[in-house]
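Step one of this worksheet: look at the structure below.
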Amino acid sequence: MSAVIFIPARYASTRYPGKPLVELTGASGVKKTLIQRSWEAAVSVKGAEAVYVLTDDSRIAAAARGFGAEVLMTSEAARNGTERCAEALAQLARRPDIVVNLQGDAPLTPGWFVEALIGRMASDLSVQMATPVLKCDAETLENFVTDRRNGRVGGTTAVMRADGSALYFSKEVLPYVGTLEAPPEVWHHVGVYGYRPGALDAYGSWPEGPLERAEGLEQLRFLENGIPVTCVAVEGRGRVFWELNNPIDVARIEAVLAREGQP
């Protein structure tokens, strides 16, 4: 099955304006922008025939072309990355079987996360939309709880049925973590989505729902409109996954790059 990866990136982030162009220092001391590191994560994925950066901002477009990325310009009207992906899909000369949205703030996404997502959708044609989830390790869970206790909105958690279909996604830590000494099982939602083109077309025709609006989570629009979201459990294999949501996350991500020897 053919798959393309889209990396939506916008300059006017509410929580962190200009975020895609923030520089992150790797283990070798080299500085690369967030969007470049996210693009490098995307091009490492096996089985994707093309990778595109999607943006409505000329500064991000110029930076992306500068490090060799293909860019598709989208409108300022796109309210989230999924709407931006729907606009970009309409620009392709040939529609792929699977569209992957690897968000531009997720440079620590291992290639096997996306490969597992593509593999699941290729093997089960009934899956219209899917996303990876990762069981929280102690460090990640502590970051989640610390952020919420300090009033910061950080990563996203997923709550699932036994078959892996999503019940809900939230920027709160779900289920409730009373103590870090004996926490429940918490699943970290990974910032990657896989869509069938038809599901992506439908998404753009639906209005923003109240849960999506309250949480600021675009995937909830699928659940609010009766489209199941399949959660694909992935393994960290010793790697730490974290997204850049707030300025404090720069130091967290740079620490991971240094610890893992990523240049």
Side-chain angles (χ1 to χ4, degrees), residues 3 45 80-82 85 98-103 105-106 108-145 147-148 153-180 182-196 198-200 202-203 206 208-243 245:
V45 173
N80 59 44
T82 300
C85 287
I98 300 167
V99 175
V100 174
N101 171 352
L102 192 157
Q103 298 184 65
D105 59 6
L108 298 179
T109 307
W112 63 84
F113 283 15
V114 187
E115 291 158 13
L117 182 68
I118 293 172
R120 176 61 183 276
M121 296 188 73
S123 65
D124 186 350
L125 299 182
S126 70
V127 176
Q128 295 300 301
M129 192 275 195
T131 190
V133 293
L134 177 68
K135 190 180 295 185
C136 280
D137 56 26
E139 177 182 349
T140 301
L141 185 56
E142 184 174 3
N143 284 342
F144 267 124
V145 173
D147 280 346
R148 295 307 294 128
V153 176
T156 299
T157 59
V159 181
M160 303 166 288
R161 296 181 179 87
D163 65 359
S165 57
L167 286 168
Y168 195 61
F169 298 91
S170 182
K171 288 179 179 174
E172 292 289 353
V173 184
L174 299 180
Y176 170 70
V177 178
T179 172
L180 286 170
E185 184 176 82
V186 176
W187 288 86
H188 187 177
H189 171 243
V190 177
V192 182
Y193 305 112
Y195 323 97
R196 301 289 178 200
L200 197 51
Y203 186 92
W206 297 324
E208 184 183 56
L211 295 177
E212 176 190 359
R213 189 178 306 114
E215 292 272 7
L217 294 175
E218 62 206 87
Q219 69 270 34
L220 291 175
R221 196 182 305 182
F222 287 101
L223 294 182
E224 290 187 85
N225 284 277
I227 302 299
V229 175
T230 299
C231 293
V232 179
V234 294
E235 295 182 352
R237 302 181 190 175
R239 289 273 297 273
V240 173
F241 173 80
W242 194 253
E243 298 168 338
N245 295 298

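None of the values given here were measured: they were computed from a predicted structure.
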Spacing of CG belonging to L217 relative to CZ belonging to F222, to within rounding of 0.5 Å: 13.0 Å
What's the spacing between L200 CG and Y193 OH if we round to 0.5 Å? 12.5 Å
Shortest non-hydrogen pair, V45 vs I118, comes out as CG1-CD1, 4.4 Å
Does D163 use its side chain to pair, donor to acceptor, with the backbone of S165 at less than 3.5 Å? yes
Euclidean distance, T230 OG1 relative to M160 CE, rounded to 0.5 Å: 11.5 Å
Quick check against the 3.5 Å criterion: does R196 have a side-chain atom that pairs as donor or acceptor with the backbone of V127? yes
Under the ring-ring contact (aromatic ring centres under 6.0 Å, His included) test, residues paired with W242 that sit two or more places apart: F144, H188
Under a 4.5 Å cut-off applied to non-hydrogen side-chain atoms, are T156 and S170 in contact? no
Could you pull out the closest heavy-atom pair between A130 and V232, with the gap in Å? CB-CG2, 4.3 Å
Nearest non-hydrogen partners of L117 and G194, listed with the distance: CD2-N, 3.5 Å
For residues V153 and N245, report the shortest heavy-atom separation together with the two atoms involved. O-CB, 4.2 Å
Could you give the distance from CD (E215) to OH (Y168), rounded to the nearest 0.5 Å? 3.5 Å
Could you name each residue pair satisfying salt bridge (Lys or Arg N to Asp or Glu O under 4.0 Å) that touches residues 121-145, not counting sequence neighbours? K135-E185, E139-R259
For V234 and A116, which heavy atoms make the closest approach, and how far apart are they? CG1-CB, 4.0 Å
Quick one: does T131's side chain have a donor or acceptor within less than 3.5 Å of a partner on V192's backbone? yes
Atom of F169, atom of C231 and distance for their closest heavy-atom approach: CZ-SG, 4.0 Å
Contact check, side chains of F113 and R239, non-hydrogen atoms, under 4.5 Å: no
dist F241:CZ -> T140:OG1 (nearest 0.5 Å) comes out at 9.5 Å
So, the side chain of T157 versus the backbone of L174: is there a donor-acceptor pair under 3.5 Å, distance only? yes
What distance separates M129 CE from I227 CD1, expressed to the nearest 0.5 Å? 10.5 Å
Quick one: list whatever passes side chain to side chain contact (heavy atoms under 4.5 Å, CB included) with N80, sequence neighbours left out. T82, E83, Y203, E212, E218, R221
For S123 and G119, indicate whether the former's side chain and the latter's backbone hold a donor-acceptor pair under 3.5 Å. yes
Any sub-3.5 Å donor-acceptor pair from Q103's side-chain atoms to G81's backbone N or O? no
Do the side chain of E243 and the main chain of G191 share a donor and acceptor less than 3.5 angstrom apart? yes
